[in-house]
Amino acid sequence: TPEPLAARLAGMLAEGRGGLGRVLEPSAGLGRLYRAVRALDPACPVVLVDRSPECCGELYRATEGDPAARLVTGDFLTLEAARLGGPFDSVLMNP
């Protein structure tokens, strides 16, 4: 997701809901949507999910030291809801 588009998506979501709330990013990739969320709200709880070891390595580096971010490794479509720790107020993803 290009940075300007990620910023636009996060901004639209925050504006439409009056804030982001607790966010799920179900296929986080390289974390561009996560970074857009952080630009809007540095303390917003975010759960990032990805199954690619390469992407998870990048996401780990991006979220390191962020107490409000949690990285879950796995295929979002096969994960149990309890592992994600919902409920969520927002889902931010690249369709």
Side-chain angles (χ1 to χ4, degrees):
T1 307
E3 281 185 36
L5 181 56
R8 184 173 175 209
L9 287 170
M12 289 170 58
L13 187 60
E15 184 179 297
R17 296 188 52 88
L20 291 166
R22 191 158 189 269
V23 176
L24 170 66
E25 189 178 351
S27 185
L30 298 175
R32 292 186 183 116
L33 294 173
Y34 162 76
R35 289 180 181 90
V37 167
R38 278 293 162 264
L40 291 174
D41 185 345
C44 166
V46 181
V47 174
L48 301 100
V49 181
D50 208 283
R51 66 181 184 174
S52 161
E54 294 82 14
C55 288
C56 286
E58 179 65 31
L59 293 169
Y60 178 79
R61 288 185 287 282
T63 60
E64 192 171 25
D66 181 350
R70 188 166 75 92
L71 176 57
V72 177
T73 302
D75 180 350
F76 171 75
L77 297 175
T78 63
L79 292 174
E80 300 273 337
R83 184 159 175 219
L84 298 174
F88 298 95
D89 300 301
S90 303
V91 176
L92 189 59
M93 62 187 288
N94 184 344

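Being a predicted model, the structure only gives us computed values, none of them experimental. In what follows, residues are counted from 1 in the order of the sequence shown.
- No option in Val37, Leu71, Thr63 other than Val37 meets the side-chain contact (heavy atoms from CB on, under 4.5 Å) test with Val46.
- Using a 4.5 Å cut-off between side-chain heavy atoms of Ile, Leu, Val, Met, Phe, Trp and Tyr, with links allowed through other members, Tyr60 and Leu48 fall into the same hydrophobic cluster.
- Every residue two or more places apart in sequence or in another chain was checked for a side-chain contact (heavy atoms from CB on, under 4.5 Å) with Ala7, and none qualifies.
- Side-chain atoms of Arg70 come within 3.5 Å of backbone atoms of Leu84 as a donor-acceptor pair (strictly under, hydrogens ignored).
- Smallest separation of non-hydrogen atoms from Leu40 and Ala14: CD1-CB, 4.2 Å.
- Scanning both residues, Gly74 and Val49, for their nearest heavy atoms gives O-CG1, 3.5 Å.
- Looking only at side-chain heavy atoms (C-beta outward), Val47 and Arg22 come within less than 4.5 Å of each other.
- Smallest separation of non-hydrogen atoms from Gly29 and Cys55: O-CB, 3.3 Å.
- With rounding to the nearest 0.5 Å, the separation of CG in Leu79 from OG1 in Thr73 is 9.5 Å.
- Looking only at side-chain heavy atoms (C-beta outward), Leu24 and Ser90 stay at 4.5 Å or farther from each other.
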Tyr34 vs Leu59, side chain to side chain contact (heavy atoms under 4.5 Å, CB included): CA-CA, chis, key distance, verdict: CA-CA 9 Å; Tyr34 162 76; Leu59 293 169; 5.5 Å; no
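- Leu92 CG to Leu33 CG: the interatomic distance, rounded to the nearest 0.5 Å, is 4.5 Å.
- Side-chain contact between Asn94 and Arg32 is absent, with no heavy-atom pair separated by less than 4.5 Å.
- In plain terms, the two heavy atoms of Ala43 and Ala68 that are nearest each other are O-CB, 3.5 Å.
- Taking a cutoff of 4.0 Å between a charged side-chain nitrogen and a carboxylate oxygen, Glu58 and Arg35 qualify as a salt bridge.
- Looking at Asp50 and Ser27, their side chains come closer than 4.5 Å, going by heavy atoms from C-beta outward.
- Listed by chain and number, the residues in a side-chain contact (heavy atoms from CB on, under 4.5 Å) with Asp75 are Arg51, Leu77, Thr78 (sequence neighbours excluded).
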